[in-house]
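So you know, we letter chains A, B, ... as the sequences are listed, proteins then strands, and number each from 1.
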Amino acid sequence: MTVRTRFAPSPTGYLHVGGARTALFSWLYARKHGGKFVLRIEDTDLERSTEESVNAILEGMTWLGLEYDEGPFYQTHRFERYNEVIGELMEKGLAYRCNCSRERLDDLRERAMKRKEKPRYDGHCKSLHVDPDEPHVIRFRNPESGTVVVDDLIRGRVAFNNEELDDLIIRRTDGSPTYNLTVVVDDMDMEITHVIRGDDHLNNTPRQINILRALGKKSPIYGHVPMILGDDGARLSKRHGAVSVMQYREEGFLPEALLNYLVRLGWSHGDQEIFSIDEMIELFDIDQVNKAASSFNTEKLLWLNQHYIKADDPKRIAHLLSPHMGNLGIDPTEGPDLVDVAKAQQERAKTLVEMADISAFCYLDFEAFDEKAAKKHLRPAAREPLEKMREALEGLQDWTPEALHERVQQVSETLEVKMGKVAQPLRVAIVGRAASPGIDVTLQLVGKEATLRRIDMALEFIRQREAQA
RNA sequence: GCUCCCUUCGUCUAGUGGUCUAGGACGCUGGCCUCUCACGCCGGUAACAGGGGUUCGAGUCCCCUAGGGAGUACCA
């Protein structure tokens, strides 16, 4: 049997991390077993579905590299097929027309709640004849007794009593099919073998199995993955910051970091934290996924992101960094090679946005020195070291880290001070802040011209300070 | 309300009856390294929701309680 899994989002918003993880698990399962991964867009809710959402979901999947083998299939293109199946159920007496008014239904629900019972449709129209020409919905005739057992890959055996279920609507008054019918038909037609989806669907599963049975089909294997909560343990929502996958890209995250974070949320392989895509495919197993919901922890994602930034090829980092430099109004071709910058900053940034921020000095003069840094390092005592450095650098032709390092060292030896006494003021002078890569590399990236100009700025700053004192 | 699901450090998790005075990771924190920041290295902090059973022995099996979550739509 060839494994076939699917991801079936409804296009009512962007791709969020919960959906992305479900898609990842589904994708991994298919990849692991040499199967196919199908993408299906569940857009039968014509009111809420939008094309922008479809595009946002597709974009998110592409960014994460979760490529699908078939699809995207759109449910709105398959209404004819759904009606065919509904017709089949009608013919076999497994579905019936119902013209109960909303008022009657609301009343029914209210009374059941009052009696402390689960609200269920009472089957009022089950044995009545409803004229096909008058407005009506079609309901599925759910078995009245017996149990439905779901052997869930993650939850284990879960049993439901048919008494708890009611005759659900499978076609609306406007003729459109409803979710529980379309999933069943699609999973059946697309020959989905493993349905891996969010556990908010666990309660729907027995209904779907019943429809499948009525159609004389075997049900697929289910795996209901728990949901993801926000940092605070509450349900993930917009107030938790980035929940949209694409927003993580904008915030400077690497797709492999998000993927690695997501795969470890609810799943583990011993003590291993870092997984390449190939390792995930090899080691992941859906039945080892935790049953409990887990909280999204941005701190750990940040750590993983830094790990991947550190480990990646500087050329790729530079490539990904480029647009973030652009966001700061910097054209990276007008200055040092961005690859060298990336190489110098790889160990210093948790995100590409942060890397762009701490690298801007390589391309642009800053407006002002960081207040704290200037106060501490651009003081009168720094004037002499800076003047000496300026002299030492002005005549330097060989602007390489080695030569630069030597000059800084020479100046500190001449002045008989520790290297920090020279390097720190110099750093603040040319970077504007107190932190940067090694002073030699920093000098190299800034370049001779800007270095001398900025040292002069710093000296002027110190002079003014002396004048004020 | 009713049905279903869940419960190990703050967070992600290991743990499938004895090797658990509960391991790893993030975070936080002490130190080392050091021209700054970061990286790296060494150390510390912190958990089996509560209560009953079963068993020679329970984080691990069963029951109850509590607390979370989902569903209960002519949404998906």
Q: Tell me every residue that passes salt bridge (Lys or Arg N to Asp or Glu O under 4.0 Å) with A/Glu299, counting only those two or more places apart in sequence or in another chain.
A: none
Q: Do side-chain atoms of A/Asp43 reach the backbone of A/Thr76 as a donor and acceptor pair under 3.5 angstrom?
A: yes
Q: Quick one: on RNA chain B, does A/Tyr261 or A/Glu273 contact a more 5' nucleotide (nearest heavy atom)?
A: A/Tyr261
Q: Any base atoms under 4.0 Å from A/Gln306, or only sugar-phosphate, or nothing? Heavy atoms, all strands.
A: sugar-phosphate
Q: At under 4.0 Å between heavy atoms, what does A/Glu117 touch on the DNA or RNA strands: base, sugar-phosphate, or nothing?
A: base
Q: Rounded to whole Å, please give me the gap between NE2 in A/His224 and P in B/G69.
A: 20 Å
Q: For A/Glu299, answer base if it contacts any base atom (sugar-phosphate contacts may also be present), sugar-phosphate if it contacts only those atoms, and nothing otherwise; contact means non-hydrogen atoms under 4.0 Å.
A: sugar-phosphate
Q: Checking base pairs now: Watson-Crick or wobble, both atom distances under 3.5 Å. What partners B/U34?
A: none
Q: Any salt bridge linking A/Glu387 with A/Arg390? Criterion: basic side-chain nitrogen under 4.0 Å from a carboxylate oxygen.
A: no
Q: Counting any heavy atom closer than 4.0 Å, what does A/Ala292 reach on the DNA or RNA strands: base, sugar-phosphate only, or nothing?
A: sugar-phosphate
Q: 5'-most contact on RNA chain B: A/Leu105 or A/Ala159, nearest heavy atom basis?
A: A/Ala159
Q: Round to the nearest Å and state the distance from A/Lys376 atom NZ to B/C37 atom C1'.
A: 12 Å
Q: Are any of A/Arg109's side-chain N or O atoms less than 4.0 Å away from OP1 or OP2 of B/A73?
A: yes
Q: For a quick check, tell me whether the side chain of A/Ser436 and the base of B/C37 share a donor-acceptor pair closer than 3.5 Å.
A: no
Q: For A/Lys114, which contact category applies under a 4.0 Å heavy-atom criterion: base, sugar-phosphate, or nothing?
A: nothing
Q: Using only heavy-atom distances, decide whether a donor-acceptor pair under 3.5 angstrom links the side-chain of A/Arg155 to the base of B/C5.
A: no
Q: Ring of A/Tyr121, cation from A/Arg139 - is the NZ or CZ under 6.0 Å from the centre and inside 45° of the axis?
A: yes
Q: Please determine if a side-chain N or O atom of A/Lys291 lies less than 4.0 Å away from the OP1 or OP2 oxygen of B/C6.
A: yes
Q: Can you classify the ring geometry of A/His77 versus A/Tyr74 as parallel (below 30°), tilted (30 to 60°) or perpendicular (above 60°)?
A: tilted
Q: What does A/Thr173 touch in the nucleic acid at a heavy-atom separation under 4.0 angstrom: a base, only the sugar-phosphate, or nothing?
A: base
Q: Select base, sugar-phosphate, or nothing to describe what A/Thr442 touches, counting heavy atoms under 4.0 Å on all strands.
A: nothing
Q: What is the nucleic acid contact for A/Asn290, judged by heavy atoms within less than 4.0 Å: base, sugar-phosphate only, or nothing?
A: sugar-phosphate
Q: Kindly write out the residues that satisfy side-chain contact (heavy atoms from CB on, under 4.5 Å) with A/Asp152, not counting sequence neighbours, or none if the list is empty.
A: A/Val150, A/Ile154, A/Arg155, A/Leu202, A/Tyr222, A/His224
Q: Show the distances under 3.5 angstrom between N or O atoms of the protein and N or O atoms of nucleotides 33-35 of chain B.
A:
| from | atom 1 | to | atom 2 | distance (Å) |
| --- | --- | --- | --- | --- |
| B/C35 | O2 | A/Arg427 | NH1 | 3.1 |
| B/C35 | O2 | A/Arg427 | NH2 | 2.9 |
| B/C35 | N3 | A/Ile439 | N | 3.2 |

Q: Do A/Asp200 and B/G71 have a side chain to base donor-acceptor pair shorter than 3.5 Å?
A: no
Q: Contact class for A/Val137 (heavy atom, under 4.0 Å): base, sugar-phosphate, or nothing?
A: base
Q: With rounding to the nearest 0.5 Å, note down the distance linking CD in A/Glu256 to CG in A/Asp312.
A: 5.0 Å
Q: Between the base of B/A14 and the side chain of A/Asp271, is one N or O donor paired with an acceptor at under 3.5 angstrom?
A: no
